[in-house]
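Okay, so here's the structure we're looking at.
A, B, ... follow the sequence lines: proteins, then strands. Residue 1 opens every chain.
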2 protein chains.
Amino acid sequence: MAGRNLVGPEADALDLGTVFRALADEHRRSVMTELAADRSDSERGCNSFDLPISKQTQTHHFRVLREAGLIDEIDYGNRKGIRLRRADIEKRFPRLLTLLGAESPGGTAPRRAQLSTPEGSPSRP
Amino acid sequence: MAGRNLVGPEADALDLGTVFRALADEHRRSVMTELAADRSDSERGCNSFDLPISKQTQTHHFRVLREAGLIDEIDYGNRKGIRLRRADIEKRFPRLLTLLGAESPGGTAPRRAQLSTPEGSPSRP
DNA sequence: CTTGAGGTACGATGCAAGTCGTACTTGAAG
DNA sequence: CTTCAAGTACGACTTGCATCGTACCTCAAG
């Protein structure tokens, strides 16, 4: 009955490169942003996130998040629970979860980076 | 004489996904960690970082960092200057640079994530 | 037991990204 | 002007990763 907790790295073993790579994907970042916004840190079903991808790909993404040490996965056999490892993340990388709330500040800025200065004067001199 | 500043995105236009993707690479992250550690924010030559990669690849990495809005590149023609955009980063993503100093906490933890609990009892119940 | 939904395993595929070789440009030193 | 070091542009190669199709597993409801 009590599901088994699939293991990830210990809190002290969280790797910044692995974490950044995990958060680089848009779908994984949306999951983490939702989790970080809920301060109750309650366990959620893994299809409570409306991800526009197949279930095989969802399995892959949750696996990446777990192996990065960002979430716990509780296996119930034919169902799965997701829980944010807030304490461990705060301990190892303080303010990281706060950072996730900083998506899209004011407007949706469509500004793109350019390769070089097309005209004479530089942009931010 | 005064080099031209190759342009990147404005401070408000920094994208979290782009930034995480830029910081996911080990070489780029080492550059950013060095820059973040120097509080004087002085301009540095781009070969002052001992990157074990060819100069073409270095050009590529600095370009990614600039397009992500993390550094400025000052073009002197046959030489290039690198400067951290600390104020812009702090404004858009507070504590991000502090996070870069949290690499390798105590020891180099060689612990690897596992796929599932091999035996009966879960790891972190 | 049978059925069906949720989830995983494995493999294939397509695309993005890191790397480097060759060739070209820039500017300083001689 | 010639030489040389630093940097870039372009292309090729290779790896990694997101995605999904097919097949299988697990458990609860009939």
Check this one for me: any side-chain N or O of B:Thr59 less than 4.0 Å away from OP1 or OP2 of D:dT8?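 Answer is yes, contact under 4.0 Å.
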Would you indicate, yes or no, if C:dT26 has its OP1 or OP2 atom less than 4.0 angstrom from a side-chain nitrogen or oxygen of B:Lys80?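 Answer no for this pair, as no side-chain N or O of B:Lys80 is under 4.0 Å from OP1 or OP2.
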5′-ward residue of the pair B:Asn78/A:Gly77 relative to DNA chain D: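 It is B:Asn78, whose closest nucleotide lies nearer the 5' terminus.
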Please report the distance, rounded to the nearest Å, between [atom1] in [X] and [atom2] in [N].
| X | N | atom1 | atom2 | result |
| --- | --- | --- | --- | --- |
| A:Tyr76 | C:dT8 | OH | P | 13 Å |
| A:Phe62 | C:dG6 | CZ | C1' | 13 Å |
| A:Asn47 | C:dG7 | CG | C1' | 10 Å |
| A:Asp75 | C:dG6 | CG | P | 15 Å |
| A:Leu65 | D:dA18 | CG | P | 10 Å |

Beyond-backbone contact of A:Ile89 with A:Leu84, side-chain heavy atoms, under 4.5 angstrom: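 They are in side-chain contact.
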Compare all side-chain heavy atoms of B:Leu16 with those of A:Leu100 and state whether any distance is below 4.5 angstrom.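 Yes. Closest side-chain heavy atoms under 4.5 Å.
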Can you confirm whether B:Arg95 is buried at CZ, in the sense that more than 12 heavy atoms of other residues, nucleotides or ligands lie under 6.0 Å from that atom?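 Count not over threshold, so no.
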Contact pattern, 5' to 3', of nucleotides 16-24 of chain C - B, S or - by protein heavy atom under 4.0 Å: -SSBBBB--
Given A:Phe93, which of A:Leu99, A:Val19, A:Asp88, A:Leu70 fulfils the side chain to side chain contact (heavy atoms under 4.5 Å, CB included) condition?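 When A:Leu99, A:Val19, A:Asp88, A:Leu70 are each tested with A:Phe93, the side chain to side chain contact (heavy atoms under 4.5 Å, CB included) holds only for A:Val19.
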With distance as the sole test, does A:Arg28 use its side chain to make a donor-acceptor pair with the main-chain N or O of A:Leu23 at under 3.5 Å?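 It does not hold such a pair.
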Take A:Glu67 and A:Arg63 through the test salt bridge (charged side-chain N to carboxylate O under 4.0 Å, His left out) and record every step on the way to the result. CA-CA 6 Å; A:Glu67 291 185 355; A:Arg63 189 163 111 101; 3.4 Å; yes
